[in-house]
Amino acid sequence: MMEMDDRGIKFLSYMGARGTLGQAVFDMAEEKKFYAVSADLGVGSGFSRFADKYPERFVDVGIAEQNMVAVAAGLSSKETPSIATSWAAFASHRCADQIRCFLGLMSSNVKVVGMGSGLANSWTGGSHFGISELAMVRSVPGIDVIAPCDGAEIYSAVTAALLNDRPTYIWLTGGTRLPVINRSEAYRFQIGKANLIRDGKDVLIVGCGTLLGECVKAADLLDKEGISVKILNMHTIKPLDTAALLSDLSYRMIVTVEEHNVRGGLGSAVAEALSEVKDKPVQIRLGIEDFVPAAGDYHYLLECCKLTAEQIASRILMEIS
Amino acid sequence: MTEIENLVKMAQNVRRTMVSVADYCNNAIHWGSSLSCVEILLSIVSDISNISTAGIEDREKDILVVSKGHAALAYYAVLEECGLLKHPFVEEYQKNGSQYSEELTMNEELLIKCSTGSLGLGLPFAAGLAIRGKREGRDGRIYCVVGDGECDEGSLWEAVMLSAQLKLDNLALVVDRNRLQLDGDTESIISQSALPDRLAAFGWKVEKANGHDFASLRAAFSAGKETPLAVIADTVKGKGISFMENDFTWHEKVLQGKLLCTARGEVGLI
């Protein structure tokens, strides 16, 4: 297994989201038996080395995502998980009933990975965007939902999920180059435990996925304006770390930031938790405002959705003044 | 009494148990599709597989996935008839919080590996079990019972293709060919008359059987095992209760009053 020192963290972020996924699966195969299933995206999932070395543990079901999840469930047991991968849109909505029945109703030990989540597949147009799965999967009872933010966290999330026996959905944002969010000193990852990225006193940003890179840059910009920002990396959408979220509500505002529809994702999960508290700051939900942007480069799409660091910072400035 | 005669008697007992449920349950029940597969389920559980045999090691054990979850009532009654239930289920069926729900819910004690009722999910799951069986050197055979109406579901065909591709010779699919689905005759909705040809074209070994005849089922299941095997079992929906037979309105309905009396008489409960 890789050490999460500075070099390891940088290396994984350089590998990109799917390269890191493949590395984690390859390394974990030495430690634990599991099956990997893909819907004609074995190579795209970075599974080539795993499939070459452990052909008896790899199944490619072809372009059939419903079959992928059901076969993964049949292959799995409490002791032996399955990991199933496809593009986010197809690993979720296409096989929604299989996720509901096998991961939800039967608690099958299956880890579904939605690759290209958010707007990572920027050039394809809406068919391959992954901007609504969080709403779907987190409404299915009993499923852990994780949205890792950089190479280190993708590696940790995949290995942690393979080591437990819980049904899990991993919302894998990010393309070939990932931001480096985590630092080696005091690096930790535990499903359900949010990580503090930076401390501050005026504004609390709660984010998830690789878009946290923009949040960090936005906080730097706000710092220059004299606004101190705390950033909480809510890598686990479900179960939500409400203890970390509600431990301190002395901020002037809470801002949730996500590469997902503002209806149903991280912002909604945070709002649900805050709704049960009496005295609390106002929450601003930044995300995709219930529309599907046209295809373009990734940065262009962030601009369309008002999710670049500059746009996040200026929105917060506007709201706070 | 020959084994076959004994199985016929067991099937009579199963239908009697099923009808006796109506004394305690006033809810709608999937009578038609439960009654059509009594012999199929009995044949697998009691005759062809080792499911009801005691002392079989896990890796040798056959597994049954009843994908047509509507057949839950028949399944429970078959388990009881084969001595696989610790307690009688009749008074518990469809009671609040009971494990005997109208569709099958995963339950190790009841040998239910897969929650079904959402149609088209059982065969892909069974294919996963069969792949695991082959990869891990297990000898047990995986049986999967689907309805003919269920063959409308595309997810079933994804598994049909994969099973042939991976030569899952440890997988046996049984189609309860009762020719009726909720809205009526299968042939007037999505015709399944070409089902044997379709499965054969996908690379499956296909056998036909009389789904109410234990000797016929036994012969079909013993066909060569180099590819996945599909047994198309011709059946009668509502089999054994005259007014339900071949009447699609008995797909799911409450059985009560005079009709319950008639049904009780026909299965020998009076």
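In what follows, chains are A, B, ... by sequence order, proteins preceding strands, each numbered from 1.
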Salt bridge [X]-[Y], side-chain N to carboxylate O under 4.0 Å:
X	Y	value
Asp176(B)	Lys68(B)	yes
Glu272(A)	Arg138(A)	yes
Lys53(A)	Glu30(A)	yes

> Between Asn261(A) and Ser132(A), is any side-chain donor less than 3.5 angstrom from a side-chain acceptor?
Replying inline: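 Side chains of Asn261(A) and Ser132(A): no pair found under 3.5 Å.
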
> Does a donor on one side chain and an acceptor on the other come within less than 3.5 Å for Lys111(A) and Asn164(A)?
Replying inline: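 Present: a donor and an acceptor within the cut-off.
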
> Using a cut-off of under 4.5 Å for heavy-atom pairs, which of Asp60(A), Asn67(A), Val71(A) has the most such pairs with chain B?
Replying inline: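 The candidate making the most pairs under 4.5 Å is Asn67(A).
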
> What part of Ser82(A) is in contact with chain B, defined as an atom under 4.5 angstrom from a non-hydrogen atom: side chain, backbone, both or neither?
Replying inline: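 Neither part.
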
>> Between Arg100(A) and chain B, with a heavy-atom cut-off of 4.5 Å, which part of the residue counts as in contact: side chain, backbone, both or neither?
In response: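 Just the side chain, heavy atoms under 4.5 Å.
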
> Which bit of Lys134(B) comes within less than 4.5 Å of chain A, counting heavy atoms only: side chain, backbone, both or neither?
Replying inline: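 Neither part; nothing is under 4.5 Å.
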
So which residue, [options], ends up with the most heavy-atom pairs under 4.5 Å with chain A?
options	result
Ala159(B), Gly133(B), Ala126(B), Ala127(B)	Ala159(B)
Ile131(B), Thr105(B), Leu129(B)	Leu129(B)
Gln165(B), Met106(B), Arg135(B), Met161(B)	Arg135(B)

> Do you know the tightest heavy-atom contact between Ile44(B) and Ser49(B)?
Replying inline: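 Nearest pair, atom of Ile44(B) first, then Ser49(B): O-OG, 2.6 Å.
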
